[in-house]
Amino acid sequence: MRGISFWFFISAMFYGVGSIIFGIQMSAGQGAGFATANVQLTLLGFLTMTLFGLYYNAVPQAAHSRLARLHFAAATVGMWLMIPGVAIAIEDGNLLLAMTGSAVMAISMVPFVMILRRLRRIAAHAAG
């Protein structure tokens, strides 16, 4: 495995380990109120990054594009903003960083959708 799928998988493992450590810390009684941040870290960090890595590994023609690199970069920045942002929002009610990170995560889906549409058009053209 190489390229963008590798980087999605590496990121997923990083977020997965972070989620486990975060969960252990919460279960030890330190910060149980941060469960929402842990869920975001697990679902968006570990699960979605793993799924994107699987997709790009299974469809290599999708992985070899600037859009795929843009997708990875935006998803990564979104995660880096959103997870501390959610924790800050829980702690003091300031939603700005969480909202910014969530918006960047949502925007990161645009290049992925563009890749899917492009590959669908190519497949349709090749089929007939």
Side-chain angles (χ1 to χ4, degrees):
M1 177 183 321
R2 299 172 129 169
I4 205 71
S5 59
F6 173 79
W7 290 109
F8 271 109
F9 278 122
I10 291 296
S11 295
M13 294 308 109
F14 173 76
Y15 298 130
V17 169
S19 176
I20 291 167
I21 292 168
F22 198 5
I24 291 169
Q25 182 181 1
M26 286 189 316
S27 67
Q30 302 171 344
F34 292 103
T36 302
N38 193 28
V39 167
Q40 295 291 335
L41 183 59
T42 303
L43 292 178
L44 290 176
F46 177 69
L47 185 61
T48 29
M49 294 295 205
T50 298
L51 291 173
F52 290 136
L54 287 170
Y55 177 79
Y56 286 121
N57 192 54
V59 186
Q61 62 269 36
H64 301 297
S65 70
R66 288 185 190 159
L67 285 174
R69 290 188 299 275
L70 178 62
H71 176 212
F72 176 76
T76 299
V77 169
M79 283 298 298
W80 291 351
L81 294 173
M82 188 179 55
I83 297 307
V86 170
I88 291 168
I90 291 167
E91 191 69 20
D92 70 11
N94 185 345
L95 299 174
L96 182 62
L97 193 58
M99 290 172 61
T100 303
S102 295
V104 173
M105 284 298 290
I107 291 167
S108 80
M109 292 302 292
V110 172
F112 186 65
V113 169
M114 291 172 69
I115 289 167
L116 294 176
R117 289 185 70 206
R118 180 190 304 161
L119 291 176
R120 184 172 179 186
R121 274 190 305 235
I122 291 170
H125 180 62

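Sequence positions, counted from 1, serve as the residue numbers for this chain.
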### Query
For Val104, what are the other residues in its hydrophobic cluster, where any two members join if their side-chain heavy atoms are less than 4.5 angstrom apart?
Val77, Leu81, Ile88, Leu97

### Task
If the plane angle is over 60° it's perpendicular, under 30° parallel, otherwise tilted; pick one for Phe72 and Phe8.
perpendicular

### Query
Parallel, tilted or perpendicular for Phe34 and Phe22, by the 30°/60° rule?
tilted

Any chance you could measure [X], atom [atom1], to [Y], atom [atom2], to the nearest 0.5 Å?
X: Phe46; Y: Met79; atom1: CZ; atom2: CE; result: 12.0 Å
X: Ile115; Y: Leu119; atom1: CD1; atom2: CG; result: 7.5 Å
X: Leu51; Y: Met49; atom1: CG; atom2: CE; result: 11.0 Å

Under a 4.5 Å cut-off applied to non-hydrogen side-chain atoms, are [X] and [Y] in contact?
X: Phe6; Y: Asn57; result: no
X: Tyr15; Y: Ile83; result: no
X: Ile4; Y: His71; result: no

### Query
Would a distance-only check, ignoring hydrogens and angles, find a side-chain to backbone donor-acceptor pair under 3.5 Å from Ser11 to Trp7?
yes

### Message
Tell me whether Ser102 contacts the main-chain N or O of Met99 through its side chain, where contact means a donor paired with an acceptor under 3.5 Å.
### Response
no

### Message
For a side-chain contact (heavy atoms from CB on, under 4.5 Å) check, start with the C-alpha distance between Met82 and Leu41, then their side-chain angles and the critical distance, and finish with the verdict.
### Response
CA-CA 9 Å; Met82 188 179 55; Leu41 183 59; over 6 Å; no

